[in-house]
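Reading through the structure tokens given below for one structure.
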Amino acid sequence: MQIIDGKKISAEVKDEVKARMERLKSQGKEGSLAVIQVGDDPASSIYVRNKARACEYCGIGNITSKLDASSTEEELLALIDAYNKDPDIIGILVQLPLPPQMDEEHVIDAIALDKDVDGFSKKSVGALCIGSSGLRSCTPAGVMELLKRYHIQIDGKNCVVVGRSNIVGKPMAMMLLNENGTVTVAHSHTENLKEICRQADILVASVGKAHFITADYVKEGAVVIDVGINRTEDGHLQGDVDFDDVKEHASYITPVPGGVGPMTIAMLMNNCAQSLENRK
Ligand code: NDP
């Protein structure tokens, strides 16, 4: 069994982005990521700070705009519109969740396609589904990067994704399909989940339930990818996979923390560099 080291790979990705940004700078190209936070949810504030820190490391400018929790959707849309038109902005990210008076789908779709560095808008998802180029959702893109850098074959393999959310499960399934995996998407209505998971050469857990995937879900020698981040009462992080139970049965496995988690911000940085490189 080999542990997939997301900390190491994410550091490599960020170093590569840093080098790309330096190269672009020498060609006179620079730009900033605009992060918009509505309200002051403490967890969101931590994510926003981490993104700013990663931008600083990679040589990407960072503008954080904070709107009051009582702001209107129109105010948020006006800010997005200004960033859409601003040539110095290479990426726009609206930190979710939004307060109830705002329609997330409407807001995300207002972000210009070439600046949608979270890859959440309908157009970005559509581009992924038809296999055309574009900015990809960061967490599943991070999983793909881990598989690629560990030379794990996807082509022809049985891939099972447990979870069908718009931000993880569905784009994950599409990315695996685009790489010629034979993909099954399982969810809370799936019958015979254990049997289906046991067919997987590559099993991706994005369920949001601590230690949900135990050894009896895993085929001998499978690659097990754990997207889950679940916080215990004492503040520790737990994955969706029971790592200790599963590890001896897997050929490769991601730990939590230090697996998929650190890849999300690294792929966000990658998307920002790609957005700048795509500029005419
Ligand atoms: P959601 O809650 O949106 O989706 C969970 C999915 O799991 C749903 O599709 C649900 O099915 C399915 N599910 C729930 N219970 C079961 C069950 N008993 N059997 C089979 N399927 C089930 O979560 P997210 O996709 O947003 O996140 C998943 C996990 O990944 C979370 O732990 C989250 O914290 C983590 N995460 C990690 C990120 C990172 O950076 N590494 C980024 C984003 C998320 P149904 O659709 O039928 O309800």
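All of these numbers come straight from a predicted model, not from anything done at the bench. Remember, it's 1-based here, ligands and their atoms both numbered in the order they're listed.
Under a 4.0 Å criterion applied to the non-hydrogen atoms of Ile167, ligand 1 contributes the atoms 26 (O). Interface of Asn230 with ligand 1, defined as ligand atoms under 4.0 Å from a residue heavy atom, comprises 32 (O). Below 4.0 Å from some heavy atom of Val168 lie the following atoms of ligand 1, by number and element: 25 (O), 43 (C), 44 (C). Within ligand 1, counting atoms from 1 as listed, the ones closer than 4.0 Å to a heavy atom of Gly261 are 41 (N).
Note: Tyr150 and Tyr252 have perpendicular aromatic rings, judged against thresholds of 30 and 60 degrees for the angle between ring planes.
Shortest contact from atom 21 (N) of ligand 1 to any protein heavy atom: His187 C, 3.1 Å. In terms of protein heavy-atom proximity, atom 47 (O) of ligand 1 is nearest to Ser188 OG, 2.6 Å. Scanning the protein heavy atoms around atom 24 (P) of ligand 1, the nearest turns out to be Ser165 OG, 3.6 Å. For atom 46 (O) of ligand 1, the nearest protein heavy atom (residue, atom name, distance) is Arg164 NE, 2.7 Å. In terms of protein heavy-atom proximity, atom 17 (C) of ligand 1 is closest to Phe212 CZ, 3.7 Å. Given atom 36 (N) of ligand 1, the protein heavy atom at minimum distance is Val227 O, 3.7 Å. In terms of protein heavy-atom proximity, atom 5 (C) of ligand 1 is closest to Val207 O, 3.4 Å. The shortest contact between atom 31 (C) of ligand 1 and any protein heavy atom is with Gly208 CA, 3.5 Å.
Gln37 and Thr64 are not linked by any side-chain donor-acceptor pair at a separation below 3.5 angstrom, with hydrogens and angles left out of the test. A side-chain N or O of Arg20 and one of Asn270 form a donor-acceptor pair less than 3.5 Å apart.
Closest heavy-atom approach to atom 33 (C) of ligand 1 among the candidates Ile229, Asp240, Asn166: Ile229.
Within the structure, no pair that satisfies the side chain to side chain donor-acceptor pair (under 3.5 Å) test touches residues 202-212, not counting sequence neighbours.
A donor-acceptor pair under 3.5 Å is formed between the side chain of Glu75 and the backbone N or O of Thr72. Checking side-chain atoms of Asp116 against main-chain N and O of Ser121 turns up a donor-acceptor pair under 3.5 Å.
Using a 4.0 Å heavy-atom cutoff, Gly169 is absent from the residues neighbouring ligand 1. At least one heavy atom of Ser206 lies less than 4.0 angstrom from ligand 1.
Contact detail for Ile196 and Val160: the closest heavy-atom pair is O-CG2, 3.6 Å. Here the shortest heavy-atom pairing between Arg136 and Ala141 reads CB-CB, 4.2 Å.
A salt bridge does not link Lys66 to Asp40: none of the charged nitrogens lies less than 4.0 Å from a carboxylate oxygen. Between Lys29 and Glu277 there is no salt bridge, since no side-chain nitrogen of the basic residue lies less than 4.0 Å from a carboxylate oxygen of the acidic one. Look at Glu195 and Arg198 and you find a salt bridge, because one of the NZ, NE, NH1 or NH2 atoms lies within 4.0 Å of a carboxylate O, short of that distance.
Considering Met172, Lys148, Met263, Met175 in turn, Met172 is the only one that fulfils the side chain to side chain contact (heavy atoms under 4.5 Å, CB included) rule with Val143.
Residue contacts with ligand 1 for Lys209 involve side-chain atoms from C-beta outward but no N, CA, C or O (heavy atoms, distance under 4.0 Å). The side chain of Thr139, and not its backbone, has at least one atom closer than 4.0 Å to an atom of ligand 1 (non-hydrogen atoms only; side chain from C-beta on). When heavy-atom distances to ligand 1 are checked against a 4.0 Å cut-off, Leu193 comes that close only through its side chain, counted from C-beta outward.
Geometrically, ligand 1 and Thr264 share a nitrogen or oxygen pair separated by less than 3.5 Å.
For atom 2 (O) of ligand 1, no protein heavy-atom neighbour is found at a distance under 4.0 Å.
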